[in-house]
> 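One structure, pasted below without further comment.
Labels below follow one simple rule: chain letters A, B, ... track the order of the sequence lines, proteins then strands, and each chain is numbered from 1.
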There are 4 protein chains.
Amino acid sequence: MRDHVAAGLLEVAARVLAERGDQASMIDIAAAAGVARATLYRYFPNRDALLRALTDAALAELAERIADARLDAVPVPEAVARLTRAMVGAAAKYRGLVIFNKPPDMAREADHALTAPVGELFERGAAEGTFRPELPTRTLIEVYTGLLEGSVVRVLRGRLGVEEASAAITKIFLEGALVRPET
Amino acid sequence: MRDHVAAGLLEVAARVLAERGDQASMIDIAAAAGVARATLYRYFPNRDALLRALTDAALAELAERIADARLDAVPVPEAVARLTRAMVGAAAKYRGLVIFNKPPDMAREADHALTAPVGELFERGAAEGTFRPELPTRTLIEVYTGLLEGSVVRVLRGRLGVEEASAAITKIFLEGALVRPET
Amino acid sequence: MRDHVAAGLLEVAARVLAERGDQASMIDIAAAAGVARATLYRYFPNRDALLRALTDAALAELAERIADARLDAVPVPEAVARLTRAMVGAAAKYRGLVIFNKPPDMAREADHALTAPVGELFERGAAEGTFRPELPTRTLIEVYTGLLEGSVVRVLRGRLGVEEASAAITKIFLEGALVRPET
Amino acid sequence: MRDHVAAGLLEVAARVLAERGDQASMIDIAAAAGVARATLYRYFPNRDALLRALTDAALAELAERIADARLDAVPVPEAVARLTRAMVGAAAKYRGLVIFNKPPDMAREADHALTAPVGELFERGAAEGTFRPELPTRTLIEVYTGLLEGSVVRVLRGRLGVEEASAAITKIFLEGALVRPET
DNA sequence: TATGAATGAGTGTTCATTCAT
DNA sequence: TATGAATGAACACTCATTCAT
């Protein structure tokens, strides 16, 4: 029961924080949830605890999706597609909270959970010669995560659908936007 | 004289807002500029006015860079390269303020200033058959701006250089990250 | 049954209030008693009622001890000794609650219960020529009760024992701390 | 100018804290001083700082009075008289704040400033055979400080004057309340 | 003109108290 | 009856903004 309510509050909090940004107040969140401020504090002893719980949940969801994707069992391009879908999906569900608005002391942990799988995959791609050699792996990773982050914002704003965004990101990142000159 | 001081304050404000995020206080900004809070208020009657002025300056700079780029005088791929450099450069200089932290009532204007040139260019690309036909122009635009925004964040964090980012974004967006199968 | 539980709660409350001071919360008291907050409210409808009940109990105990002391049946010095022991004992048992932390509207009643026996005794002493005539009875009473109060605090802090304090207070108050010049 | 205002606020704070007890709010103090809450915070960055400043001032005053008293230059009984007057005077002026309501982390320091001169004086008295040998010095000290504290409360309540209390405390503590049997 | 001082409105947090089970 | 849950009112503290010098 308790967990159920807490989960509901988290969901509302995610929505409000996404809408109003990090400066959304506990007042805003409690009001959006239709409870008194003190009730919110029953479940999360302070603002930080709430943000932390939110980030925890988002990271857990993300980790699960990535694990389900079995990235190392498929070729790199397919793995990129799956990773993209996992990240866009999780970020959209949690309103981008994995990516933005991390409580400062979790930034490291969050960044790691986010960056690690990306790093591994791109290292493999580099080793296997999948990616253009003139682009350093580090740069590739930054641009890819930047692309993800920027696109998720659009998804959150309702300008792109999750599926639409995932597919387009994957396609453009891997093959580019230009029409291929036929050989 | 007056304008000169105001410009200096704006510069400081841009730096502080980029460092501390949107929750940087007028106190922070005034302190960083080495003036009293009340002095800051002499030049910008309130917080909103300051943010607006900042955004105005950034948009003006961006518009100038884009005009200089003569986008319609070159082929679409080259225009994308120039536009990318213009946007990354301007955003980096103004600490991303064109893109994030827009005062709510300027969002529309800012988005327009940002989106309009992108829109025109991509429409032309579509008309000329430069882009993959299976990707709707609207989607292309969103993903491109998302890529820009996400990458600028990395530049601001010092993880990518301006030139490095511009080149990589252009290359990846146009041609993809995959190594081309030789014909 | 009910009274028994209430008495137990009062005892716990006295201990907690003595330890944490007047700012001890109902939370603290309920937790120390091992019951839910709401249960505490079953027995004492609000914080004030609890404090009042506590003071009532302490005053009753004090009145009983004083009655047992048969003050008017013994010479004034012996009566002072007994009164002192009664007051220090009662105050120590109830953690000084008779003396401090009285609910404002009971202050008068409490002060009276405290002051009345002292007043009677000192009036008798004055009438009988027991006390130095240059010290007004009123002053004597104030200094004596002040001495009691201040000493009880030390007893509660564990710096003096009840017996030790009672004996020393009586001796010093009556005969002074100076060594007597032998006649 | 600044210091002057701060001193005025301290004075008001001392009065309010003495009246309302330790739970007096910053609201109460600011209102009593006729300023806005935020103004109070300009001078004392938080509640603790205010209490600390108050205690500092009181301890300084007390130390000065005690130094002025040249306790070691006079016989013990006269020294007790001077010490008593110094302590009652300082405590009355600062509303007993040296004695009660010490911020927890200053308790040690405050107790020391208070206890040290008392301890020295009573040790000397014991060494010189001034005090009754059957009363341990430690007990003497506790009872004396208790007497002081209890009497100061009466002074603060307006039931005793400073001079009246000082004289009575000294007389009773040294020679007792009983009329001396003539030799 | 530049600034120190003052303040109203809001935020996070706690606590006494009430309600539904 | 006993309790977990919910809440309104208060408090410490911050910040954008105004005023007097």
> Hey, which of these two, C:A38 or A:A36, hits DNA chain F nearer its 5' end, going by closest nucleotide?
C:A38
> For E:dA20, which nucleotide in any strand shown is its Watson-Crick or wobble partner with both distances under 3.5 Å?
F:dT3
> Please tell me if A:Y43 has a side-chain N or O lying less than 4.0 Å from either OP1 or OP2 of F:dA5.
no
> Go nucleotide by nucleotide along DNA chain E from the 5' end; which of C:I27 and A:M26 gets its closest nucleotide reached first?
A:M26
> Nearest nucleotide by nearest heavy atom, which residue falls closer to the 5' end of DNA chain E, A:S25 or D:L40?
D:L40
> Which part of the nucleic acid does C:F44 contact within heavy-atom distance under 4.0 Å: base, sugar-phosphate only, or nothing?
nothing
> How many whole angstroms separate atom CG of C:L50 from atom P of E:dT17?
10 Å
> Could you tell me the Watson-Crick or G-U partner of F:dA9, where both distances fall under 3.5 Å? Say none if there is no partner.
E:dT14
> Atom CG of D:L51 to atom P of F:dA12: distance rounded to whole Å?
10 Å
> Applying salt bridge (charged side-chain N to carboxylate O under 4.0 Å, His left out) between A:K93 and each of A:E64, A:E11, A:E61, report the one that passes.
A:E61
> Got a second to check how far C:E149's CD is from C:M87's CE, nearest 0.5 Å?
11.0 Å
> So for C:R42 and F:dA2, does any side-chain atom that can act as donor or acceptor lie under 3.5 Å from a complementary atom in the base?
yes
> Atom CG in A:D28, atom CE in A:M26: separation rounded to 0.5 Å?
11.0 Å
> Applying a 4.0 Å non-hydrogen cut-off, can you work out what D:V5 is touching in the nucleic acid: base, sugar-phosphate, or nothing?
nothing
> Whole angstroms only, please: what is the CG-C1' distance between C:D48 and E:dC15?
15 Å
> The side chain of C:Y41 is closest to which nucleotide in this list: E:dT13, F:dA16, E:dA16?
E:dA16
> Expressed as a whole number of angstroms, how long is the span from A:N46:CG to F:dA12:C1'?
15 Å
> Please state how far atom CZ in A:R47 lies from atom C1' in E:dG10, giving the value in whole angstrom units.
13 Å
> Name the nucleic acid region contacted by A:T39, choosing base, sugar-phosphate or nothing; use a 4.0 angstrom heavy-atom cut-off, strictly under.
base
> Within this structure, what is the NE2-to-C1' distance between D:H4 and E:dG4, rounded to whole angstrom?
18 Å
> Pick the closest DNA chain F nucleotide for A:R37 and for B:A24 by heavy atoms, then say which residue is nearer the 5' end.
A:R37
> Run the salt-bridge test on D:D56 and D:R52 with the 4.0 Å N-O cut-off and return the result as yes or no.
no
> Return the value, rounded to whole Å, for the distance between atom CG of D:D28 and atom C1' of F:dA10.
11 Å
> Sub-3.5 Å donor-acceptor pair from the side chain of A:T39 to the main-chain atoms of A:V35, do we have one?
no
